[in-house]
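First comes the structure, then the notes that go with it.
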Amino acid sequence: MDDEYAEAVLALVEQIPPGRAMSYGAIADAVGARLGRGGPRQVGAVMSTLGGAVPWWRVVTVTGRVPPGHERRAYRELIAEGTPMTADGSRVDLRRAGWYPQ
DNA sequence: ACCTTGACCTTGG
DNA sequence: CCCAAGGCCAAGG
């Protein structure tokens, strides 16, 4: 994982608007289209170590699950932003909250 | 070179 | 939706 890749991931996460979200895989696709490498796991690796500097709670799994270890903080931020959630409030509803770089 | 590990994803049941 | 398998990419021992 070099700095160029990490920077590309972080720069994209910073662009996700409040109340919206992207999956690790979608981010991997967008960054991969530009740099030609990396997958969902690489995105996860970047977020786990350098994610603290960006709105990391807007990055979820493809099923809308928030990152492990920081659920409290994530739900607080997501709800405060009015992010579309599933009926039971346990996941982000990506069908409504999903965002892709414009 | 081989094996293991991961803030993952898709498919099939 | 859940679970199990298999795939995936990269890093590290």
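A quick note: this is a predicted structure, and the numbers were derived from the prediction, not measured.
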Apply salt bridge (charged side-chain N to carboxylate O under 4.0 Å, His left out) to A:R20 and A:E81, showing your working.
CA-CA 9 Å; A:R20 309 297 295 282; A:E81 295 180 354; over 6 Å; no
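Atom CG in A:L50 sits roughly 15 Å away from atom C1' in C:dA10 (whole-Å rounding). Between the NE2 atom of A:H70 and the C1' atom of B:dA7 there is a distance of 9 Å, rounded to whole Å. Distance, A:I27 CD1 to B:dC8 C1': 11 Å, rounded to whole Å. Across the protein-nucleic acid pair, A:Y24 atom OH and C:dG7 atom P stand 24 Å apart, rounded to whole Å. Protein atom CZ of A:R72 is 21 Å distant from nucleotide atom P of B:dA7, rounded to whole Å. Between the OH atom of A:Y5 and the C1' atom of C:dC9 there is a distance of 9 Å, given to the nearest Å. Protein atom CG of A:D29 is 8 Å distant from nucleotide atom P of B:dT10, rounded to whole Å. Distance CD (A:Q42) to C1' (C:dC9): 4 Å, rounded to an integer number of Å.
In the set C:dC1, B:dT10, B:dA7, B:dT10 carries the atom at the smallest distance from any side-chain atom of A:V62. The side chain of A:T61 lies closest to B:dC9, out of B:dA7, C:dC9, B:dC9. When the nucleotides B:dA7, B:dC9, C:dA10 are ranked by their closest atom to the side chain of A:R37, C:dA10 comes out on top. Proximity note for A:R41 (side chain, C-beta onward) versus B:dC9, B:dA7, C:dC9: the nearest is C:dC9.
The partner of B:dC2, taking Watson-Crick or G-U wobble pairs whose two distances both stay under 3.5 Å, is C:dG13. Applying the Watson-Crick and G-U wobble criteria (two distances, each under 3.5 Å), C:dC3 pairs with B:dG12. Base pairing analysis places C:dC8 opposite nothing; no Watson-Crick or G-U wobble pair with both distances below 3.5 Å involves it.
Judged by distance alone, the side chains of A:Q15 and A:W99 never bring a donor and an acceptor atom under 3.5 Å apart.
Applying the 4.0 Å criterion to OP1 and OP2 of C:dC2, one finds that A:R65 has a side-chain N or O inside that range. For B:dA7, neither phosphate oxygen OP1 nor OP2 lies less than 4.0 angstrom from any side-chain nitrogen or oxygen of A:R58.
Looking only at side-chain heavy atoms (C-beta outward), A:Y24 and A:R41 stay at 4.5 Å or farther from each other. Side-chain contact between A:T83 and A:I79: absent, with no pair of heavy atoms (C-beta onward) separated by less than 4.5 Å. Proximity of A:E4 to A:E7: side-chain heavy atoms (C-beta onward) are nowhere separated by under 4.5 Å.
Only the C1' atoms considered, C:dG13 is 22 Å distant from B:dA7, to the nearest whole Å.
Counting any heavy atom pair closer than 4.0 Å across all strands shown, A:S48 reaches a base atom.
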